[in-house]
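What follows is one structure encoded as C-alpha cells, with my remarks underneath.
Below, all heavy atoms of this structure are taken into account, side chains as well, without hydrogens, waters or symmetry copies. Proteins come first, then strands; the chains are lettered A, B, ... in the order of their sequence lines, and each starts at number 1.
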Protein chains: 2
Amino acid sequence: MNKDPLKNYVQSLVPLTDDEADAFVAPFEERRVKKKQFIVQPGFTNRHRAFVLEGAFRSYAVTPDGQEHTLQFAIENWWVSDFNSYIYQHPATLFIVALEDSTLLQITRVQEEALKASSHTFETVFRIMAEKGLAFEHRRLLINLSHDAEARYENFLLNFPNFVQRVPQYALASYLGMTTEYLSRIRNRRTRQES
Amino acid sequence: MNKDPLKNYVQSLVPLTDDEADAFVAPFEERRVKKKQFIVQPGFTNRHRAFVLEGAFRSYAVTPDGQEHTLQFAIENWWVSDFNSYIYQHPATLFIVALEDSTLLQITRVQEEALKASSHTFETVFRIMAEKGLAFEHRRLLINLSHDAEARYENFLLNFPNFVQRVPQYALASYLGMTTEYLSRIRNRRTRQES
DNA sequence: CAGCCCCAATGAACCAGGTCAAGAAAAACC
DNA sequence: GGTTTTTCTTGACCTGGTTCATTGGGGCTG
C-alpha cells in the first residue's frame, strides 16, 4: 500500500520529519472503489474523510424535482467528503460517486480526532486544509455570483483543465450551475469561433 | 475595552480556562469605525481578522462593469475579512464597508500566527473556525445552485431573520444573486399573498 | 425643516438560459 | 460485434430574471 502521495501532500502544507509523516498517514486505510459505486449517500452519516490516490469522484445533491447539483469533483491528491455530514457527524445530504475505478486513503472521524489531539503540528495540518478550502470556496462563490454561464465555463477550463476530460459533461454543467443543453451550446459556439 | 463577547465566542468552540481565554483575546485590539467607512479595499492587503463587537459590515466585489456582488454580511459575533487576502497576505479584491457605526476587535496575521504557535488549543480554535466556515459555505453554495431567486430569499429570511432589517435591500439582493428590482418584486408578491 | 440624495417600487421591453422532444453518438455490456 | 443504455447535440419554444427609465419615499445634513 503506497501512501506516498498523501505524505507528499501533507509535507507540502507543513514540513514534517519522516517519522511524523509516517505517524500522520498511519491511520489511513486503503479502499478500492469501482466506477459508479457510491461512497456516501443521503441519510447515512459520512464516517470518513477520503484522499484520492487514483481515480475520480463527484459529490452532488438531488433536489425533490430530481435535478442534480454538483458540489465538488475530486481527482488524485484531492479530498472528498460530505463535509457537513463528516464534521458534524449527522446524516449526509449528498451523494458521492466514483466516476472511474478508484483508490482512496480514508480515515474515520474518531481516528482523525485522535491524530489532531496527539500533535500540535497535525492539528495545524487540518487547520491549513480547512483554511485553504474556505478560501477556495469564497473564490468559487464570487465567480458564481459575478460571471455568466459562458464565463464560468471559461474560468473552469482555465483553472482545472485536467478535470474537463475526466468528468461527464452533464456533471460539469451542474457544477457550473447550468443545464447540459446550455453547456453543449456554449462549447459549440466556442469551437466554431476558434477555427 | 470589553472583550467578553469574543471570550464567550471562543469558549463556545473550545472550553478554555479563564487564563487561557485571557491569553487568547490579549492581542486583539479595539477599533471603532463610522458608517460608510471602509476597512478593506482592493489592492491593499487585508492585514487583520476582525470580530464584530457592535455594528454591521458588508464585504463585496465590484466587477469591471460596475456591478456589486456581496460575499458576506457580519453583525455582532461574526468575523469579517477578505479571507483570501488575509490568509495568503496578498492584495485584497474585496471592499469591506461598515453599514453602521461599529466596533471591532482585530488581530494582525502575525499576531494570530504567534497565538496559534503558542498553544495547541488555540490552534484548535482556528481549525474549528475554518471548518465551520467551510461547512457553511458548502451549504450556501448548494442553496445557490439548487434554488431559484424566491427560494433563496425565503431561505435567507428563515436562517438570518436578524440580518434582514439591518442590511440595505440592494446589498441583500446582490448577496442572493439577483437584482434589487427583482427582490423588490418578490417581497411585494409575498406580502400581498400573506394578507 | 428644507433640500438633497440615496434607496425602494413599479412598468415595459428584452434576453440569457431553461424546457421539452427527438436524434446522433459514444460507451458499456454480454 | 451487435445491442442496450447512457450521454451529447440540436431545434423550437418558453420564462425567470434583467435592464432601463421613472416615480415616490425616507432619512441625513446643514
Side-chain angles (χ1 to χ4, degrees), chain A residues 34-38 55-56 58 60 62-70 73 95 97-101 143-156 163-193, chain B residues 34-37 56 58 60 62-70 73 97-101 143-157 163-195:
Chain A
K34 290 253 170 238
K35 181 168 177 172
K36 294 194 181 174
Q37 195 178 327
F38 289 88
R58 165 182 174 234
Y60 63 98
V62 179
T63 41
D65 62 342
Q67 274 181 296
E68 297 184 359
H69 300 279
T70 301
F73 295 116
F95 293 89
V97 69
L99 296 172
E100 311 170 357
D101 291 352
I143 288 165
N144 278 233
L145 284 175
S146 60
H147 292 38
D148 68 8
E150 181 157 6
R152 294 198 299 275
Y153 174 62
E154 302 264 9
N155 181 79
F156 188 87
F163 278 68
V164 181
Q165 300 80 346
R166 292 176 70 178
V167 308
Q169 200 165 131
Y170 67 85
L172 177 53
S174 80
Y175 177 90
L176 295 172
M178 66 186 82
T179 59
T180 325
E181 293 95 325
Y182 198 64
L183 179 52
S184 171
R185 278 175 239 270
I186 287 173
R187 282 186 138 163
N188 212 287
R189 257 206 310 265
R190 285 170 38 85
T191 50
R192 215 174 297 155
Q193 277 174 333
Chain B
K34 288 253 170 238
K35 181 170 177 171
K36 294 193 181 176
Q37 193 178 329
R58 164 182 175 235
Y60 63 98
V62 179
T63 40
D65 62 343
Q67 273 181 297
E68 298 185 357
H69 300 279
T70 301
F73 296 116
V97 68
L99 296 172
E100 310 171 358
D101 291 353
I143 288 164
N144 278 226
L145 285 174
S146 60
H147 291 37
D148 67 9
E150 181 159 4
R152 294 198 300 275
Y153 174 63
E154 301 264 9
N155 182 78
F156 188 88
L157 281 186
F163 278 69
V164 181
Q165 300 80 345
R166 293 175 72 177
V167 308
Q169 199 164 133
Y170 67 88
L172 178 52
S174 80
Y175 177 90
L176 296 173
M178 66 186 83
T179 59
T180 323
E181 292 95 325
Y182 198 63
L183 179 53
S184 171
R185 279 174 239 270
I186 287 173
R187 282 186 139 161
N188 211 286
R189 258 207 306 267
R190 285 169 40 83
T191 49
R192 217 174 294 152
Q193 277 174 332
E194 269 166 26
S195 55

Give the rounded distance in Å between these two atoms: [atom1] of [X] and [atom2] of [N].
{"X": "A:Arg190", "N": "D:dT9", "atom1": "CZ", "atom2": "C1'", "answer": "17 Å"}
{"X": "B:Leu183", "N": "C:dT10", "atom1": "CG", "atom2": "P", "answer": "13 Å"}
{"X": "A:Glu68", "N": "D:dT7", "atom1": "CD", "atom2": "C1'", "answer": "13 Å"}
{"X": "A:Arg58", "N": "D:dT6", "atom1": "CZ", "atom2": "P", "answer": "14 Å"}
{"X": "B:Leu172", "N": "C:dA8", "atom1": "CG", "atom2": "P", "answer": "10 Å"}
{"X": "A:Tyr153", "N": "D:dC8", "atom1": "OH", "atom2": "P", "answer": "12 Å"}

Looking only at the side chain of [X] (C-beta and beyond, no hydrogens), which of the listed nucleotides [options] gets closest?
{"X": "A:Asp148", "options": "D:dT10, D:dG17, C:dG17", "result": "C:dG17"}
{"X": "B:Glu181", "options": "D:dT9, D:dT10, D:dC20", "result": "D:dC20"}
{"X": "A:Arg185", "options": "D:dT10, C:dA8, C:dG17", "result": "D:dT10"}
{"X": "A:Lys35", "options": "C:dA28, D:dC8, C:dT19", "result": "C:dA28"}
{"X": "B:Tyr182", "options": "D:dT19, D:dT18, C:dA16", "result": "D:dT18"}

(Q) In this structure, is the centre-to-centre distance between the rings of B:Tyr175 and B:Tyr60 below 6.0 Å? (A) no
Report task. Could you tell me whether B:Tyr170 contacts a base, only the sugar-phosphate backbone, or nothing, with contacts defined as non-hydrogen atoms closer than 4.0 Å? Result -> sugar-phosphate
Notebook entry, point to check: Contact class for B:Lys36 vs. all strands (heavy atom < 4.0 Å): base, sugar-phosphate, or nothing?
Noted result: nothing
Donor/acceptor link under 3.5 angstrom from B:Arg189 side chain onto base of C:dT10: no
> Taking B:Arg152 for the side chain and B:Gly177 for the main chain, is one N or O donor matched with an acceptor at less than 3.5 Å?
Replying inline: yes
Exercise for the section: Answer yes or no: is there a donor N or O on one side and an acceptor on the other, between the side chain of A:Asp101 and the main chain of A:Lys35, under 3.5 Å? Expected result: yes
Hey, are the side chains of A:Asn144 and B:Leu145 touching, using non-hydrogen atoms and a 4.5 Å cut-off? yes
